[in-house]
Peer 1: 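Let me give you the structure first, and then I'll get to my questions.
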Amino acid sequence: MWGMIATWRMALEGVTKGAGMLEQGKNAGDAVEAAIREVEDFPYYKSVGYGGLPNEEMEVELDAAYMDGDTLSIGAVAAIKDYANPVSIARRLSSESVNNVLVGEGAEKFAHKEGFERKNMLTDRAKAFYRKRKKEVAQQELKPYSGHDTVGMVCLDNDGKVTAATSTSGLFMKKKGRVGDSPIAGSGFYADSKVGGASATGLGEDLMKGCISYEIVRLMKEGLHPQEACERAVRFLDAELKERRGKAGDLSLIAMNKEGQWGVATNIEGFSFAVAVEGKKPAVYLVKPGEDGHCTFEEASKEWMDDYMKTRMAPVEE
Ligand code: SD4
């Protein structure tokens, strides 16, 4: 049994590619890396890789991670600039015995030495969004930008290996050096081939408060189905944050267990995800959170899919 699940509609092309690789017997490490690179390379996704939205100083600083569920090896980069595929650098770091998580200049030095492709990741389109946002932002608080989506994936191959990976430009207009949940093990991602894996998108500052990806894997280890594990973890963290802090940021999670069963949960409207499992074509689903924390989902219509691409590629009106 193989399978792959990822946050947001934008992961579909990557998931399709990864699923093709898994079908041919490739391993979950190669499949998840190739799938994330596909998202990183697409210039119209303004939250991951090339074309990602910049920080307050108009620099694109990227976070990414990779985890191998067989060995529990982790690699991550944070606030890295001018490299085309942060997920590949993260994966490369996961094979080191120490120095697995590198930030900023240190991450860039490592990537340079290892021969990774340097690229100016700031596009004219992202600059236009920056100028537009600058005008609006003065009176707003920092939160995940609508349509600003981190890609997080969990992958299972035919040999039972589970991997997880993430890639993001983080929050639009973040402070230079800000690190979100995506490169933080246990928060943005976690994978254990004996159990399964999980990955997150939303407000990193709040996702980290619950170490939520680890929590979902832990619940699956106790025997919960991934759907139940995701719902319970999101419902719990959302309630705790509201009780203790008066509000909860966006929390959206995906998970898959070692049997290829999967689940999702969110506390926001508008969350979508892409999933492919052996015997089923890759598809995008839209999630509806219920009052009781129970989430339902349905496959995205052709109209929704067409509209999504149109919106993503529409000219930026400044
Ligand atoms: C972060 N979790 O850096 C990421 C942002 C995100 O959809 O997921 N946006 O906090």
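Just follow the structure's listing: the first ligand is 1, and inside any ligand the first atom is 1. These numbers come from the heavy atoms of this one structure, side chains and all, not from hydrogens, waters or symmetry mates.
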Peer 1: Any N/O of Trp8 closer than 3.5 Å to an N/O of ligand 1?
Peer 2: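 Not met; the criterion fails.
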
Peer 1: Restricting to non-hydrogen atoms, name the atom on Leu122 and the atom on Val60 that form the minimum distance, rounded to 0.1 Å.
Peer 2: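 Heavy-atom minimum between the residues: CD1-CG2, 3.6 Å.
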
Peer 1: Answer yes or no: does an N/O atom from Arg178 fall short of 3.5 Å to an N/O atom of ligand 1?
Peer 2: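 Yes; at least one N/O pair falls below 3.5 Å.
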
Peer 1: Under 3.5 Å, is there a donor-acceptor pair between the side chain of Ser213 and the main chain of Ser187?
Peer 2: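 Between the backbone of Ser187 and the side chain of Ser213 there is a qualifying donor-acceptor contact (under 3.5 Å).
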
Peer 1: So if I count the atoms of ligand 1 from 1 in the order they appear, which ones are less than 4.0 Å from some heavy atom of Thr201?
Peer 2: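 The atoms of ligand 1 under 4.0 Å from a heavy atom of Thr201 are 6 (C), 7 (O), 8 (O), 9 (N).
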
Peer 1: Keeping the roles fixed (side chain from Tyr66, backbone from Ile89), state whether a donor-acceptor pair exists under 3.5 Å.
Peer 2: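 Checking the backbone N and O of Ile89 against the side chain of Tyr66, no donor-acceptor pair under 3.5 Å is found.
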
Peer 1: For this output row, return yes or no: ring centroids of Tyr83 and Phe116 closer than 6.0 angstrom.
Peer 2: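 Here the rings of Phe116 and Tyr83 have centres that are no less than 6.0 Å from each other.
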
Peer 1: I want to confirm something. Looking only at heavy atoms, which of Asp206, Leu203, Thr150, Asp149 is nearest to atom 4 (C) of ligand 1?
Peer 2: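 Going through Asp206, Leu203, Thr150, Asp149 one by one, Thr150 has the nearest heavy atom to atom 4 (C) of ligand 1.
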
Peer 1: Consider ligand 1: state whether an atom of it lies below 4.0 angstrom from any non-hydrogen atom of Gly202.
Peer 2: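 Heavy atoms of Gly202 do come under 4.0 Å of ligand 1.
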
Peer 1: Does Ser193 reach the main-chain N or O of Gly69 with its side chain, forming a donor-acceptor pair under 3.5 Å?
Peer 2: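 The answer is yes, because a donor-acceptor pair under 3.5 Å joins these two groups.
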
Peer 1: Show me which atoms of ligand 1 lie under 4.0 Å from any heavy atom of Gly180.
Peer 2: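 Listed by number with element: 3 (O).
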
Peer 1: For ligand 1, find out whether one of its N or O atoms is nearer than 3.5 Å to an N or O atom of Leu207.
Peer 2: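 There is no such contact.
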
Peer 1: Ring centres under 6.0 Å, that's the criterion: do Tyr285 and Trp304 meet it?
Peer 2: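 When the ring centroids of Tyr285 and Trp304 are compared, they turn out to be at least 6.0 Å apart.
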
Peer 1: For Asp181, take its heavy atoms, then give the atoms of ligand 1 lying under 4.0 Å from any of them.
Peer 2: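 Answer for ligand 1: 1 (C), 2 (N), 4 (C), 10 (O).
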
